[in-house]
K.L.:
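To start, I am sharing the structure in question, which I have written as structure tokens.
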Amino acid sequence: MAPEFEHAVLRALRDIPPGRVSTYGTLAALAGYPRHARHVGALLGRLPAELALPWFRVVGSGGRIARPGSEGADYQRLLLQQDGIELDSKGRVDLFRYGWPPAYFLR
DNA sequence: CGGGCGGCCAGGA
DNA sequence: TTCCTGGCCGCCC
């Protein structure tokens, strides 16, 4: 994975404010790499916990938490709630309400 | 709403 | 080099 790509993505990741969420595709675009959503996922998946980065503030395009059923998914749901984010009955986030940056999620 | 399909792009085998 | 596989995405039924 190219260092420039990683740095750009992590920078965008750190810029997501508490209480907001972004998506893999949006983060990739913000970082300057449109269409690289999958790679953002691959990167977030192997982030060392020590870095304490807000990986949990990234969800799929439909506001869905990735890899449902997995242990990490439950943890992510918990962290999002602690962040003050409401999840609907199906565990999805309303991007029109919490999406970051706002301009990317206009109704 | 649910499921399939094709497209996306980098790594590993 | 080809082939397969992803914490994805959007379109079509």
Side-chain angles (χ1 to χ4, degrees):
Chain A
M1 201 72 91
E4 320 85 69
F5 172 76
E6 302 192 349
H7 287 152
V9 172
L10 296 187
R11 180 166 58 252
L13 175 63
R14 274 187 301 257
D15 287 339
I16 303 175
R20 307 305 297 252
V21 300
S22 197
T23 70
Y24 298 96
T26 300
L27 220 50
L30 287 175
Y33 295 81
R35 303 183 293 293
H36 287 235
R38 309 194 63 148
H39 304 290
V40 170
L43 173 58
L44 299 198
R46 57 181 177 68
L47 282 181
E50 310 82 78
L51 295 184
L53 291 170
W55 57 271
F56 60 91
R57 296 208 260 251
V58 184
V59 299
S61 65
R64 321 169 60 68
I65 289 180
R67 299 174 49 168
S70 70
E71 174 182 304
D74 295 330
Y75 184 40
Q76 177 170 19
R77 192 163 53 222
L78 174 66
L79 291 173
L80 287 175
Q81 290 173 159
Q82 295 182 351
D83 222 34
I85 294 169
E86 288 179 30
L87 302 182
D88 68 17
S89 57
K90 292 162 191 165
R92 284 177 316 180
V93 174
D94 178 357
L95 293 175
F96 290 129
R97 182 177 175 189
Y98 302 107
W100 183 265
Y104 279 55
F105 304 93
L106 298 180
R107 204 180 291 262

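Here is how names work: the chains are called A, B, and so on, in the same order as the sequence lines, proteins then strands, and each is numbered from 1.
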K.L.:
What integer distance in Å separates R38(A):CZ from dG7(B):P?
P.N.:
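These atoms are roughly 14 Å apart.
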K.L.:
Could you tell me how far apart H36(A) (NE2) and dG6(C) (P) are, to the nearest whole angstrom?
P.N.:
19 Å
K.L.:
Within the structure, does a side-chain N or O atom of S61(A) lie under 4.0 Å from either OP1 or OP2 of dG10(C)?
P.N.:
yes
K.L.:
Any N or O donor-acceptor pair linking the side chain of H39(A) to the base of dC9(B) at under 3.5 Å?
P.N.:
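Present.
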K.L.:
So which atom in R20(A) and which in D83(A) form the shortest heavy-atom distance, rounded to 0.1 Å?
P.N.:
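Residues R20(A) and D83(A), closest heavy atoms: N-OD2, 4.4 Å.
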K.L.:
Quickly work out the L43(A) CG to dC8(C) C1' distance and round it to whole Å.
P.N.:
14 Å
K.L.:
How would you label the contact of G25(A) with the nucleic acid (heavy atoms, under 4.0 Å): base, sugar-phosphate, or nothing?
P.N.:
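Since only primed, P, OP1 and OP2 atoms lie under 4.0 Å of G25(A), the category is sugar-phosphate.
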K.L.:
Given side chains that start at C-beta, do those of V21(A) and F105(A) come closer than 4.5 Å, heavy atoms only?
P.N.:
no
K.L.:
Return the value, rounded to whole Å, for the distance between atom CG of L44(A) and atom C1' of dC8(C).
P.N.:
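Checked: the CG to C1' distance equals 12 Å.
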K.L.:
Could you tell me which non-hydrogen atom of A8(A) sits nearest to which non-hydrogen atom of Y33(A), and how far apart they are?
P.N.:
CB-CE1, 4.3 Å
K.L.:
Check every strand shown and say whether A2(A) touches a base, only sugar-phosphate, or nothing at a heavy-atom separation below 4.0 Å.
P.N.:
sugar-phosphate
K.L.:
Tell which nucleotide pairs with dG6(C), taking only Watson-Crick or G-U wobble pairs whose two distances are both under 3.5 angstrom.
P.N.:
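In the structure as shown, dG6(C) has dC9(B) as its Watson-Crick or wobble partner.
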K.L.:
What interatomic distance, in whole Å, is found between C1' of dG7(C) and the corresponding atom of dA13(B)?
P.N.:
22 Å
K.L.:
In whole Å, I'd like the distance from the CZ atom of R67(A) to the C1' atom of dT5(C).
P.N.:
13 Å
K.L.:
Taking all non-hydrogen atoms of both residues, which atom of L80(A) and which atom of R57(A) are closest, and how far apart?
P.N.:
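Looking at all heavy atoms of both residues, the closest pair is CD2-CA, 4.2 Å.
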K.L.:
With side chains defined as the heavy atoms from C-beta onward, is the minimum distance between F5(A) and P3(A) less than 4.5 Å?
P.N.:
no
K.L.:
Could you tell me how far apart F5(A) (CZ) and dG11(B) (C1') are, to the nearest whole angstrom?
P.N.:
13 Å
K.L.:
What is the distance, rounded to the nearest whole Å, between atom OH of Y24(A) and atom P of dA10(B)?
P.N.:
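So the two atoms are 19 Å apart, to the nearest Å.
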K.L.:
Nearest to the side chain of R92(A), which nucleotide is it out of dC1(B), dA10(B), dG7(C)?
P.N.:
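For the R92(A) side chain, the nearest candidate turns out to be dC1(B).
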K.L.:
Distance check needed: dG6(C) P versus R35(A) CZ, whole Å only.
P.N.:
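It is 23 Å, rounded to the nearest whole Å.
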